[in-house]
> 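Here it is, the structure, as structure tokens.
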Amino acid sequence: MKKDYLYNEIANNITNKIKSGVLKTGEKLPSVRSLSSEHGISINTAKRVFLELEARSLIRSKPQSGYYISPLNYLQLPLAAASQPVPIANSRQPDQLMNEVYSTMGRRDLTLFSIGVPSGVLLPVAKLKKEIVLATRVLDDGGTAYEPLQGNIKLRRMVAVRSLAWEGNLHEDDIVTTNGCMNALALCLMALTQSGDTIALESPCYPGILQLAVSLGLKVLEIATDPINGIDIETLKNVLHKIKVCLLVPNFNTPLGYCMPDEKKREIVSLLSKNQIPLIEDDTYGDLHFGAERPKCCKSFDSEGNVLWCGSVSKTLAPGFRVGWVAPGKYKEQIIKLKLIHSLSSTAIINEAVGNFLLTGRYDNHLRKLRQTLMENYQHYATIIASHFPEGTKISRPQGGLALWVEFPKHIDTGKLYSYALKLQISISPGRIFTLQDQFYHCMRLCIGLPWSNELALKLKQLGNLAKAL
């Protein structure tokens with residue numbers, strides 16, 4: 001058997017034994033070496049089997065001990081429904097709750113389930129401080145001078161090198177640095193659209209993107225989206241004649257957390273290219289995969305420069321650093337011109353520090369720990385939701401990222417839940433802020449990027465009790 005087939009075959013066999021009850025919760029699995037010997041596979045292939053089972057949230061590792069079967073309570077929860085937005089372009093203002101929710105950002109007196117970034121406790125703050133000090137010594141004028149317009153060379157080179165992992169095959173000259181991913185998305189939209197144009201987005205969609213689109217005078221056409229596989233391609237085909245640009249988050253979209261299959265990414269890239277519609281790809285969450293390998297991007301399948309690939313370290317390393325980038329393909333000249341007008345230069349010291357952090361390999365070490373924590377948090381959250389939230393509650397099945405989408409029975413209004421939860425020092429993101437239409441009133445997004453503790457578990461249980469009271 002081919003290596004990939006054998007690896008999947010073994011992982012699927014163990015999965016079936018877990019779900020059928022042959023392997024019980026808490027039971028210890030054979031060691032990597034034992035699995036290798038039993039199936040005649042390499043140690044690396046055996047490790048890959050365990051990583052895949054972890055990604056499926058079926059097992060968890062204990063340091064110096066081995067792998068154990070995870071509690072499966074959360075797998076009994078039904079899957080959140082696919083969205084069904086009205087296929088009409090919309091330019092209404094985002095729900096006012098959006099501003100209220102994001103006004104809580106940075107408040108240390110609240111449990112911020114609402115803000116989709118990893119807690120500072122999970123970030124390598126001390127190492128980043130050292131990189132900043134080093135950057136002031138290395139850079140001319142201590143980092144007080146402007147960077148080249150296209151951005152810090154070290155950072156661009158490292159972003160290009162890392163693209164090899166997902167077959168992006170980018171060169172440093174393909175990349176323009178920006179002030180975070182939202183700045184990259186804004187530059188792309190300004191380069192490709194004019195006020196009154198219509199853009200296609202996933203539904204539900206990150207509120208910041210909705211707010212950005214409306215602020216630029218654009219109409220938003222929300223596309224039906226499946227919580228496992230992403231947008232419905234047939235729906236997209238039906239509206240191609242109406243749209244100027246498509247903006248997608250194929251890898252671990254917030255709030256649903258799905259990873260669009262490669263064949264679907266390839267089909268979308270081909271479809272949009274054939275119809276001369278640019279694709280803006282937000283890949284902010286791509287490094288936060290729960291599986292064994294980093295997923296490919298739509299940019300991986302782009303041979304004509306029609307995909308503008310955007311990324312940052314805001315969700316993985318340092319939200320406040322505002323370090324982002326875009327590989328704009330054939331639209332590079334327009335992006336650079338707009339960067340000159342709107343920001344001129346990124347922050348030299350910060351970009352040098354992040355570029356060096358990527359160069360030293362510390363970033364990958366950090367990511368391994370962060371991904372493990374996020375995956376375990378998903379399991380913790382889902383287990384408590386299964387036991388303490390209202391009957392009939394559904395959740396997403398995130399394959400990576402920072403978000404868990406919760407769908408309550410329809411009589412529960414998460415706008416009201418938000419107000420009541422604030423009185424208990426808990427902040428959530430009501431579902432209605434992820435759309436410009438009248439939908440998702442009974443849904444909410446929870447950030448899983450908080451350090452797990454007994455106190456956090458208690459806050460989740462309190463949230464479930466509040467929902468039951470509604």
Side-chain angles (χ1 to χ4, degrees), residues 1-75 118 122 124 127 161-162 164-167 228 251-252 257 259 261-262 285-296 316 358 360-383 397-402 448-449 451-452:
M1 282 188 285
K2 291 182 179 179
K3 181 180 176 182
D4 282 347
Y5 178 81
L6 185 57
Y7 139 76
N8 278 310
E9 180 80 6
I10 296 169
N12 289 337
N13 284 341
I14 296 175
T15 295
N16 291 334
K17 289 180 181 178
I18 293 172
K19 291 187 175 181
S20 65
V22 174
L23 294 174
K24 308 293 185 183
T25 296
E27 188 173 335
K28 185 176 181 180
L29 289 170
S31 67
V32 171
R33 193 169 298 280
S34 296
L35 188 72
S36 169
S37 175
E38 180 183 349
H39 293 278
I41 56 178
S42 70
I43 293 293
N44 284 338
T45 301
K47 287 180 180 177
R48 193 176 174 192
V49 171
F50 284 122
L51 287 171
E52 178 60 27
L53 291 170
E54 279 190 298
R56 297 178 187 181
S57 302
L58 296 173
I59 67 172
R60 63 178 64 180
S61 63
K62 293 183 180 180
Q64 312 302 320
S65 179
Y67 291 92
Y68 294 82
I69 308 299
S70 297
L72 299 184
N73 294 359
Y74 62 92
L75 291 177
L122 305 180
K127 293 176 181 176
V161 168
R162 294 184 64 79
L164 299 175
W166 47 268
E167 298 181 20
I228 297 295
N251 291 331
F252 320 127
C259 183
D262 286 350
Y285 304 94
D287 283 336
L288 296 180
H289 52 95
F290 295 165
E293 297 178 350
R294 201 233 196 256
K296 292 182 182 179
T316 58
L358 301 185
T360 60
R362 295 190 183 102
Y363 186 54
D364 285 311
N365 290 334
H366 159 65
L367 283 176
R368 278 190 285 272
K369 296 174 186 175
L370 180 59
R371 288 195 295 260
Q372 178 71 22
T373 297
L374 295 177
M375 184 178 64
E376 290 177 355
N377 279 0
Y378 158 50
Q379 295 176 0
H380 290 317
Y381 279 47
T383 299
R397 297 279 189 273
Q399 299 164 56
L402 288 156
I448 59 174
W452 187 254

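Treat the numbers as computed from the prediction; the structure is a model and nothing was measured.
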> Does any part of the side chain of Asn251, heavy atoms only, come nearer than 4.5 Å to the side chain of His289, both counted from C-beta?
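They are not in contact (no side-chain heavy atoms under 4.5 Å apart), so the answer is no.
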> Decide yes or no for Ile59 and Ile18: does some side-chain heavy atom of the first lie under 4.5 Å from some side-chain heavy atom of the second?
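Yes - at least one pair of side-chain heavy atoms lies under 4.5 Å apart.
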> Are more than 12 heavy atoms from other residues, nucleotides or ligands located less than 6.0 Å from atom CD of Glu167?
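Result for CD/Glu167: open.
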> Would you call Trp452 and Thr373 a side-chain contact if the rule is heavy atoms closer than 4.5 Å?
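SC-SC contact between Trp452 and Thr373 ruled out.
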> Give the minimum heavy-atom separation between Gln379 and Thr383, together with the two atoms involved.
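Nearest pair, atom of Gln379 first, then Thr383: O-OG1, 2.8 Å.
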> May I ask you to decide if the ring planes of Phe290 and Tyr378 are parallel, tilted or perpendicular, using 30° and 60° as cut-offs?
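Ring orientation, 0 to 90° scale: parallel.
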> Nearest 0.5 Å please: distance from the OG atom of Ser31 over to the CD1 atom of Ile43.
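Going from the OG atom of Ser31 to the CD1 atom of Ile43 covers 8.0 Å.
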> If you define the side chain from C-beta out and look only at heavy atoms, does anything of Phe50 sit under 4.5 Å from Leu29?
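Yes; the side chains approach each other to less than 4.5 Å.
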> Taking C-beta and beyond as the side chain, do Tyr363 and Asp287 meet within less than 4.5 Å on heavy atoms?
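Yes - at least one pair of side-chain heavy atoms lies under 4.5 Å apart.
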> Got a second to check how far Ile41's CD1 is from Leu35's CG, nearest 0.5 Å?
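Going from the CD1 atom of Ile41 to the CG atom of Leu35 covers 4.5 Å.
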> Please round to the nearest 0.5 Å and tell me the distance separating atom CG of Asn12 and atom NZ of Lys17.
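Between atom CG of Asn12 and atom NZ of Lys17 there are 12.5 Å.
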> Looking at CZ of Arg48 and CD1 of Ile10, how far apart are the two atoms once the value is rounded to the nearest 0.5 Å?
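Going from CZ on Arg48 over to CD1 on Ile10, the span is 11.5 Å.
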> Locate the shortest heavy-atom distance separating Leu374 from Leu402; write the atom from each residue and the value.
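Here Leu374 and Leu402 meet closest at CD2-CD2, 3.7 Å.
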> Once side chain to side chain donor-acceptor pair (under 3.5 Å) is applied, do any residues pair with Asp364, and if so which ones, sequence neighbours excluded?
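Partners of Asp364 under the side chain to side chain donor-acceptor pair (under 3.5 Å) test: Arg162.
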> Once you round to the nearest 0.5 Å, how far does CG of Leu23 lie from OG1 of Thr15?
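Spacing of CG (Leu23) from OG1 (Thr15) equals 10.0 Å.
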> Between Pro295 and Gly286, what is the shortest heavy-atom contact and its length?
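Scanning both residues, the minimum pair turns out to be CD-O, 3.7 Å.
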> Measure across Val32 and Lys47 and return the closest heavy-atom pair with its distance rounded to 0.1 Å.
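Looking at all heavy atoms of both residues, the closest pair is CG1-CG, 3.7 Å.
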> Determine whether Ile228 and Gln399 make a side-chain contact, defined as any pair of heavy atoms from C-beta on separated by less than 4.5 Å.
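Yes, their side chains come closer than 4.5 Å.
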> Enter the distance from Asp262:CG to Trp166:CH2 here, rounded to the nearest 0.5 Å.
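If we round to the nearest 0.5 Å, Asp262:CG and Trp166:CH2 are 12.0 Å apart.
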